[in-house]
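The first residue in the sequence is number 1, and the count goes up from there.
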Amino acid sequence: MSAWVLLLGAIFTEVTATLSLKGALDHPALYVVVVLGYAASFVFLAMVLRRGMALGVAYGIWAACGVVLTAILSAFLFGEAFTALKASGIVLIAAGVAFVELGAQRARRSEAMTSAEAVV
């Protein structure tokens, strides 16, 4: 299984756990989902790292997607406010993650070029 699919698993289990945390205030049985969701998320994240994805990239995407999805879904599920300022923050988070990934790609290309030069 690819690191990206595992990262999606980490994101979705973390978001499920976080949303269940709010729901558990009224339905205590959801605390089981909270504990299992967070545990599964960390297992998925560890598997992503084991497959070689850089920690800064994996954690950045995991955390940022978690924040974005939780903010959007909590507006739908719990009627929380979704303001223009919150939407602007989501755009900034997405841009930040994109820059981190682009920086990681550039670093990988530089490493590959340096390795190729060392062989020659």
Supply the atom-to-atom distance L8 CG to T13 OG1, rounded to the nearest 0.5 angstrom.
-> 10.5 Å

If every non-hydrogen atom of A58 is compared with every non-hydrogen atom of V48, which pair is closest and at what distance?
-> CB-CG1, 3.9 Å

Shortest non-hydrogen separation from A71 to K86 and the atoms involved = CB-CD, 4.3 Å

Shortest non-hydrogen pair, S41 vs E14, comes out as OG-CB, 3.3 Å

Identify the heavy atoms of G66 and V15 that sit nearest to each other, and give their distance.
-> CA-CG2, 3.7 Å

If two hydrophobic side chains count as joined below 4.5 Å and joins carry through other members, does L77 share a cluster with V67?
-> no

V68 with L73, same ILVMFWY side-chain cluster at under 4.5 Å | no

Taking R51 for its side chain and L6 for its backbone only, find out whether a donor-acceptor pair lies under 3.5 Å.
-> no

In Å, rounded to the nearest 0.5 Å, how long is the span from OG of S20 to CG of L25?
-> 11.0 Å

Spell out, yes or no, whether F12 and I61 are grouped together once hydrophobic residues are joined by side-chain heavy atoms under 4.5 Å, including indirect joins.
-> yes

Treating Ile, Leu, Val, Met, Phe, Trp and Tyr as nodes and any side-chain heavy-atom pair under 4.5 angstrom as an edge, say whether L55 and M53 lie in one connected cluster.
-> yes

How close do V97 and G60 get, heavy atom to heavy atom, and via which atoms?
-> CG2-O, 3.7 Å

Applying ring pair (Phe, Tyr, Trp, His ring centres under 6.0 Å), which residue pairs with at least one partner in residues 49-85 are found, sequence neighbours left out?
-> F42-W62, Y59-W62

Residues which pass side-chain hydrogen bond (donor to acceptor under 3.5 Å, both in side chains) with S74, listed by chain and number, not counting sequence neighbours | E80

Atom CG of L85 with >12 non-hydrogen neighbours under 6.0 angstrom = no

Show me the side-chain donor-acceptor pairs of residues 27-38 shorter than 3.5 Å, one per line, residues at least two apart or across chains.
unit_1, atom_1, unit_2, atom_2, d
Y38, OH, T18, OG1, 2.9

Do L45 and L7 come within less than 4.5 Å of each other through their side chains, counting heavy atoms only?
-> yes

Look at the side-chain heavy atoms of Ile, Leu, Val, Met, Phe, Trp and Tyr, link any pair under 4.5 Å apart, and say whether M47 and V57 land in one connected group.
-> yes

